[in-house]
Amino acid sequence: MKSLIRRRPAGPEDTVPGDGQDWAVDSRPEDVGGWSSGAQANTSALLRWCAWALLILGPLLAGAALVAAPSGTGTPVAPAPSVPSTAGSQGSAGFAVLFVDAYLRAGEGDQEQLAAYYPDATGIRLEGAPGRRTGQQLTVVRLRQTSPGIWSVTVAARVRESGPSAAPTPKRTSAEKRQEAAPVERLRYFQVPVATTVTGGASGYVALSMPAEVAAPPRVASPELLYGPQRPAAPGDPRTQAVTEFLTAYLTGRAGDIDRYLAPGTRITPISPAPYTGIAVDHLAVEGERGGEATTTVPADGTRLRLLVSLRATGSDTVRRPLAYALTLTARAGRWEIAELDGAPTPAPAPLATTASAAPTT
C-alpha cells in the first residue's frame, strides 16, 4: 500500500513556526477512504470465500449440534411399560399365598386384615370365630398370566377346620361328641387374581377380588421312561454292587470316600450330616433291558448306562423308608463307576413318525 502522506514543497501558507519540515495530504484518486483499490479487491475475495464456507459448513454444523444435543432436549422417547409381560410372577405367587392364609384364618371383625390384600374387603361380611379354619402347607400349584400385569394364582392348602359346635343333647354319647368336635382336614384349592405394577423401581401387588375355591388341577398321565421293567437287584450283578457302594457312601457316610466310586471328572458331594445308618437296594430298572437276565460282566471302557434304583434307607429310628435314584454309570477298567446323579428319570424318546407309502399301481 502506498503511503497516505507524502512530502511536497512547502509554501508560505503551509509554514509552521518551529517546524523545519513541510507535509501535505496526498489526495490522488486511487486512495479512497484510506484503502487502495488492491486492498478492496483482496477484501472482497476474502468475504466471498467466507460466505461460501458458511454455506457449505452450515448444514454440517447443524447436524453435529443435533447429534450432540442432550437427550432431554430431543424428541421425547416413549416410556417403557411399567410391568414387563413376565415380571411379577414370583412376587404375585407369594402375595397370593399370604392372602389365602389370612383369608382362611379370618372371622367376624377381620375385614381390616384382609383389606391389606384386597382393599374392598372392608365392605364384605365375615362370619364365624377367627381361627376356626387354618391353612397348612400352602403352596402354589398353578400360575398363569391372564392380561398384562394380571396373574391368576392357584394356591393349594391343607385346610384344618374345627367341627361345628352344636347344642348338647342327651341322645349323643361322649364318643359321638368327640367325633363331632374333632377337626376336619382336607386339601383344598383357591384361585386369586393378583395385579402387579412397578413404581419407583419397587413392585407392588393387590388382589382384584376375594379368593375363589376351585377344583384340584387334573392329574396327567406319567410319560413312558427309557428304562426296562424293574427287577430284583441281584447281589452278583456288577451294577448292583456299584450303586450299593456309591449310595451307601452318599447317604450314610460309610463305605469310604465317595470319590472312589465316581468316574474321572465327576463331582458329587455326600449328604452331611448323614441322614441314614444303612441302605438296601431292592430293584433296578436298566436302560434298554427287556428281560430279567442276570449280568455278571462289565462291557468295554466308555460304555454308558442309565439306571433307576429303588432302595430302602434305615433312619436313626430304625424305620426304613423308600427312596429312588436315577443314575448314569460308565464302565472303566473292568468295573462300573458313577458318572452322574441324574436330576430326574429319563423319558423314552418319542417314536419317529413313519409314513407308509403305497406301491404304485399300473
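Numbering of residues begins at 1 and proceeds along the displayed sequence.
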Separation of [Y] [atom2] from [X] [atom1] (nearest 0.5 Å):
X: Glu213; Y: Phe190; atom1: CD; atom2: CZ; answer: 4.0 Å
X: Glu337; Y: Asp301; atom1: CD; atom2: CG; answer: 9.0 Å
X: Leu104; Y: Arg133; atom1: CG; atom2: CZ; answer: 5.0 Å
X: Glu289; Y: Gln230; atom1: CD; atom2: CD; answer: 11.5 Å
X: Leu307; Y: Ile338; atom1: CG; atom2: CD1; answer: 8.0 Å
X: Leu251; Y: Leu311; atom1: CG; atom2: CG; answer: 7.0 Å

Taking all non-hydrogen atoms of both residues into account, name the closest pair between [X] and [Y] and its distance.
X: Arg105; Y: Asp110; result: O-OD2, 4.1 Å
X: Ile279; Y: Ala313; result: CG2-CB, 4.2 Å
X: Glu108; Y: Pro130; result: O-CG, 3.9 Å
X: Thr303; Y: Trp336; result: O-CZ3, 3.6 Å
X: Ala207; Y: Pro119; result: O-CD, 4.3 Å
X: Ala115; Y: Thr122; result: CB-CG2, 3.6 Å

Under 3.5 Å donor-acceptor, [X] side chain and [Y] backbone:
X: Thr196; Y: Gly204; result: yes
X: Tyr325; Y: Asp342; result: no
X: Gln136; Y: Ala157; result: no
X: Arg132; Y: Ser162; result: yes
X: Gln111; Y: Ile124; result: yes
X: Thr240; Y: Ala234; result: yes

Are any non-hydrogen side-chain atoms of Arg231 and Asp237 less than 4.5 angstrom apart? yes
Flag the pair Val192 / Tyr103 as yes when at least one side-chain heavy-atom distance between them is below 4.5 Å, and no otherwise. no
Dump the intermediate steps for side chain to side chain contact (heavy atoms under 4.5 Å, CB included) on Thr328 and Arg306, then the final yes or no. CA-CA 4 Å; Thr328 299; Arg306 284 173 286 195; 3.4 Å; yes
Mind checking whether [X] and [Y] sit in one hydrophobic cluster, side chains of I, L, V, M, F, W, Y counted as touching below 4.5 Å?
X: Tyr205; Y: Leu138; result: yes
X: Val298; Y: Phe246; result: yes
X: Leu284; Y: Leu308; result: no
X: Tyr189; Y: Met210; result: no
X: Val100; Y: Val97; result: yes

Any chance you could lay out the side chain to side chain contact (heavy atoms under 4.5 Å, CB included) test for Leu329 and Val243, step after step, and finish with the verdict? CA-CA 9 Å; Leu329 278 60; Val243 299; 4.2 Å; yes
Show, in sequence, the C-alpha distance, side-chain angles and deciding distance for Gln90 and Trp151, and conclude whether the side chain to side chain contact (heavy atoms under 4.5 Å, CB included) test is met. CA-CA 10 Å; Gln90 184 175 0; Trp151 295 87; over 6 Å; no
Can you give the donor-acceptor pairs under 3.5 Å from side chains of residues 266-278 to other protein atoms, not counting sequence neighbours?
from, atom 1, to, atom 2, distance (Å)
Thr266, OG1, Ala263, O, 3.4
Thr266, OG1, Ala339, O, 3.1
Thr277, OG1, Thr314, O, 3.3

Going through the checks in order, is the side chain to side chain contact (heavy atoms under 4.5 Å, CB included) test met by Leu114 and Leu126? CA-CA 11 Å; Leu114 299 183; Leu126 296 176; 4.1 Å; yes
Whether over 12 other heavy atoms sit under 6.0 Å from Glu224 CD: no
Is Arg335 salt-bridged to Glu245, cutoff N-O under 4.0 Å? no
I'd like to know whether Asp282 forms a salt bridge (Lys or Arg N to Asp or Glu O under 4.0 Å) with Arg320, so could you lay out the CA-CA distance, the side-chain angles of the two residues, the decisive distance to 0.1 Å, and finally the verdict. CA-CA 12 Å; Asp282 295 327; Arg320 293 191 289 187; over 6 Å; no
Would you list the pairs meeting ring pair (Phe, Tyr, Trp, His ring centres under 6.0 Å) in which at least one residue belongs to residues 115-145, sequence neighbours left out? Phe95-Tyr117, Phe99-Tyr117
